[in-house]
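Order of appearance sets the numbers: ligands from 1, and atoms from 1 within every ligand.
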Amino acid sequence: TKSPVRVAVTGAAGQIGYSLLFRIASGDMLGKDQPVILHLLEITPALKALNGVVMELRDCAFPLLADIVTSDDPMVAFKDVDYALLVGAMPRKAGMERGDLLGANGGIFKPQGEALNAVASRDVKVLVVGNPANTNALIAQQNAPDLDPKQFTAMVRLDHNRAISQLAEKTGKPVSSIQNITIWGNHSSTQYPDLSQATVDGQPALEQVDREWYENSYISTVAKRGAAIIEARGSSSAASAASAAIDHMRDWALGTPDGQWVSMGIPSDGSYGVPEGLIYGFPVTCSGGQYQIVQGLEVSDFSRGKMDATAQELSEERDEVRKLGLV
Ligand code: NDP
C-alpha cells in the first residue's frame with residue numbers, strides 16, 4: 001500500500017470545505033489507493049466549527065483518511081504538505097473597491113505564500129480557489145521564492161465544467177461526448193469560454209450551434225452562472241466549486257486522458273501573446289504530475305479580442321497588488 005500524502009485545505013470550515021474534504025478523504029482526488037492526511041487551516045474564530053467538521057470526517061470512517069491536523073497557523077498547517085487547496089478568502093462586500101478586496105486578500109495570501117515557502121514539501125502543488133483566485137495565486141506565488149512558480153495555479157475548472165454542461169444541454173448530447181473547451185484568462189466576468197476547438201461526438205461544436213447563440217448567450221451564461229445559482233439557491237455554488245477543485249487536482253496529479261485537455265489558471269510563459277507571469281486560464285494537458293500548455297491552436301480575431309480583454313484585467317490586478325507591495 002502507498003504511504004499517505006499530506007493535503008492542506010484552508011477555509012476548511014466553510015461551505016466549499018464542507019463538500020471538498022469528504023471527497024478528498026474518500027479518494028476522489030488522488031485515487032482509491034492513496035491514503036491522505038488532511039491538514040486543515042481556519043481562522044481562530046472558526047476553529048470550533050472546524051472541530052465539528054473533523055468529528056464528521058472521523059465518523060465517516062474513511063479507510064483512506066490516515067490522520068487529520070488542524071490549526072489556525074499556516075506554518076503548522078502547511079508543514080510538509082504535498083498538495084494545498086487555498087479556499088479561504090475574503091469575500092467582496094458591498095461598496096468594496098477592487099483595491100480593497102485585493103488588499104484584504106493580500107493579508108491572507110502573502111503569509112500563506114511565505115509559509116508554503118518555508119515549510120511545505122518542495123514539490124507542493126498549490127490550487128487557489130478563493131477569489132479573486134488568479135491574483136490571490138499570484139500573491140502567494142510571489143511570496144514563495146524558493147518554490148517553482150509553476151507550482152501555483154488558480155481554478156478556472158468550474159467555468160470549464162459549466163462550459164461543458166451548457167454545450168451538452170444545448171446540443172442534447174452527453175457531457176462525455178464533449179472535448180477540448182478552453183477557459184482563457186481570469187476567473188471573473190471577463191473569462192473567455194472558447195468553443196473554437198471544441199468537439200461534440202468528434203465533430204466541431206461550432207458547426208452544431210449557431211454563432212449568434214455562442215457569442216451573445218453562451219459566453220455570458222457560463223460567466224454569470226455563479227450569480228444564477230446564488231439567485232436560485234440563496235447561497236453560492238459550493239458543491240460544484242468543490243467538485244471542480246477535485247477535478248483540477250486529480251488531473252494535475254494523475255494526468256489528463258489521451259487527446260483531451262482541461263483548463264487551468266497557470267503562470268503564463270508568454271504563449272498565445274499572454275503577458276508573461278500572469279496567472280491565466282490556458283488549455284493544458286497533464287502527465288507525470290506536470291502540466292503543459294496546448295500549443296499551436298489557431299486564434300481568430302474574435303478570440304484575440306476576448307483573450308486580450310481578460311489579460312488586460314489581470315494586468316490591472318497585478319498593477320494594483322504591486323502598488324500595495326504584495327508582490
Ligand atoms: P466558501 O467556502 O463558499 O468560499 C470560499 C472562497 O471560494 C470564496 O473566496 C469564494 O469566492 C471562492 N469561490 C470560488 N469559486 C466559487 C464558487 N463557484 N462558488 C462559491 N465560492 C467560490 O466561503 P465560506 O464563507 O463558506 O467559507 C470560507 C471559510 O474560509 C470560512 O470558514 C472562513 O473562516 C475561512 N477563512 C479562512 C482563512 C484562513 O484559513 N486563513 C482566511 C479567510 C477565510 P466568492 O467570495 O467570490 O464567492
**Student:** Are any of the side-chain heavy atoms of I229 and R162 separated by less than 4.5 Å?
**Tutor:** yes
**Student:** In ligand 1, which numbered atoms sit nearer than 4.0 Å to a non-hydrogen atom of T10?
**Tutor:** 40 (O)
**Student:** Is there a donor-acceptor contact under 3.5 Å from the side chain of K32 to the main chain of S26?
**Tutor:** yes
**Student:** Quick check against the 3.5 Å criterion: does Q290 have a side-chain atom that pairs as donor or acceptor with the backbone of S287?
**Tutor:**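 The answer is no, because no donor-acceptor pair under 3.5 Å joins these two groups.
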**Student:** Count the heavy atoms of every other residue, nucleotide or ligand shown that sit under 6.0 Å from CG of D59, and state whether that count exceeds 12.
**Tutor:**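 Yes, CG of D59 has more than 12 neighbouring heavy atoms, counting only those of other groups under 6.0 Å.
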**Student:** Report yes or no: does Q112 have a heavy atom closer than 4.0 Å to ligand 1?
**Tutor:** yes
**Student:** List the closest protein heavy-atom neighbour of atom 18 (N) of ligand 1: residue, atom name, distance to the nearest 0.1 Å.
**Tutor:**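 Scanning the protein heavy atoms, the shortest distance from atom 18 (N) of ligand 1 goes to L158 CD2, 2.8 Å.
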**Student:** Within ligand 1, which atoms have a heavy atom of G130 less than 4.0 Å away?
**Tutor:**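 Contacts of ligand 1 toward G130, numbered from 1: 6 (C), 7 (O), 9 (O), 12 (C).
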**Student:** Under 4.0 Å from a heavy atom of A89: give me the atoms of ligand 1 that qualify, with their elements.
**Tutor:** 9 (O), 43 (C), 44 (C)
**Student:** What protein heavy atom lies closest to atom 21 (N) of ligand 1? Include the residue and the distance to one decimal.
**Tutor:**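 Ranking protein heavy atoms by distance from atom 21 (N) of ligand 1, first comes I16 CD1, 3.5 Å.
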**Student:** With atoms numbered from 1 as shown, which atoms in ligand 1 lie under 4.0 angstrom from a non-hydrogen atom of V87?
**Tutor:**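 Listed by number with element, the hits are 5 (C), 6 (C), 7 (O).
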**Student:** Which residue owns the protein heavy atom closest to atom 20 (C) of ligand 1, what's the atom, and how far is it?
**Tutor:**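 Here the closest protein heavy atom is S236 OG, 3.4 Å.
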**Student:** For atom 46 (O) of ligand 1, grab the closest protein heavy atom and report residue, atom and distance to one decimal in Å.
**Tutor:** P91 CB, 3.5 Å
**Student:** Quick test: of every protein heavy atom, which one is nearest to atom 19 (N) of ligand 1, and how far off is it to 0.1 Å?
**Tutor:**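 Result: S237 OG, 3.0 Å.
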**Student:** A241 heavy atoms, cut-off 4.0 Å: which ligand 1 atoms fall inside?
**Tutor:** 16 (C), 17 (C), 18 (N)
**Student:** Would you give me the side-chain donor-acceptor pairs under 3.5 Å for residues 98-113, sequence neighbours excluded?
**Tutor:**
residue: R98; atom: NH2; partner: E316; partner atom: OE1; Å: 3.1
residue: D100; atom: OD2; partner: E97; partner atom: N; Å: 3.1
residue: N105; atom: OD1; partner: M90; partner atom: N; Å: 2.9
residue: N105; atom: ND2; partner: M90; partner atom: O; Å: 3.2
residue: N105; atom: ND2; partner: L101; partner atom: O; Å: 3.1
residue: K110; atom: NZ; partner: E114; partner atom: OE2; Å: 3.1

**Student:** Out of all atoms in ligand 1, which are within 4.0 Å of some heavy atom of L41? Include the element for each.
**Tutor:**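 Checking each atom against L41, I get 40 (O), 41 (N).
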**Student:** In the protein, what heavy atom is nearest to atom 48 (O) of ligand 1, and what distance, to one decimal place, separates them?
**Tutor:** N131 ND2, 4.3 Å
**Student:** Among protein heavy atoms, which lies nearest atom 30 (O) of ligand 1, and at what distance?
**Tutor:** G11 CA, 3.1 Å
**Student:** Y272 vs F282 aromatic rings, parallel, tilted or perpendicular, using cut-offs 30° and 60°?
**Tutor:**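 Correct class here is tilted.
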**Student:** Considering non-hydrogen atoms of the protein only, which is the closest contact for atom 27 (O) of ligand 1, and what is the distance?
**Tutor:**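 Checked against all protein heavy atoms, atom 27 (O) of ligand 1 sits closest to G14 CA, 3.1 Å.
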**Student:** If you measure from the Lys or Arg side-chain nitrogens to the Asp or Glu carboxylate oxygens, is any gap between D194 and K306 under 4.0 Å?
**Tutor:** no
**Student:** Do the rings of Y218 and W213 sit parallel, tilted or perpendicular, given the 30° and 60° boundaries?
**Tutor:**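 Rings of Y218 and W213: tilted, as their planes differ by 30° to 60°.
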**Student:** I need the contact type for R162 against ligand 1. Using non-hydrogen atoms and a strict under-4.0 Å cut-off, is it side chain, backbone, both or neither?
**Tutor:** side chain
**Student:** My question is simple, although I want it checked carefully: is atom 9 (O) of ligand 1 less than 4.0 angstrom from any protein heavy atom?
**Tutor:**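 Yes, there is a protein heavy atom closer to it than 4.0 Å.
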**Student:** Please step through side chain to side chain contact (heavy atoms under 4.5 Å, CB included) for the pair M264 and C286, ending with a clear verdict.
**Tutor:** CA-CA 10 Å; M264 287 172 67; C286 306; 4.0 Å; yes
**Student:** Taking side chain to side chain donor-acceptor pair (under 3.5 Å) as the definition, give me every residue that meets it alongside S271, ordered by chain and number, with sequence neighbours left out.
**Tutor:**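 Listed in chain order: D269, Q295.
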**Student:** Test side chain to side chain contact (heavy atoms under 4.5 Å, CB included) on V129 and L20 and set out the steps.
**Tutor:** CA-CA 11 Å; V129 174; L20 181 60; over 6 Å; no
**Student:** Which of the listed options, E42, R157, Q15, holds the heavy atom that is closest to atom 33 (C) of ligand 1?
**Tutor:** E42
**Student:** Under 4.0 Å, heavy-atom basis, I'd like to know which part of V129 is in contact with ligand 1: side chain, backbone, both or neither.
**Tutor:** both
**Student:** Does R304 pair with D308 as a salt bridge, N-O distance under 4.0 Å?
**Tutor:** yes
**Student:** Only one of T10, N51, L21 clears side chain to side chain contact (heavy atoms under 4.5 Å, CB included) with L40; which?
**Tutor:** L21
**Student:** With backbone taken as N, CA, C and O and side chain as the heavy atoms from C-beta onward, which portion of I108 lies under 4.0 Å from ligand 1: side chain, backbone, both, or neither?
**Tutor:**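 It is the side chain that gets close, since no backbone atom is under 4.0 Å.
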**Student:** Just to check, does A13 reach to within less than 4.0 Å of ligand 1 when the distance is taken from its heavy atoms?
**Tutor:**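 Yes.
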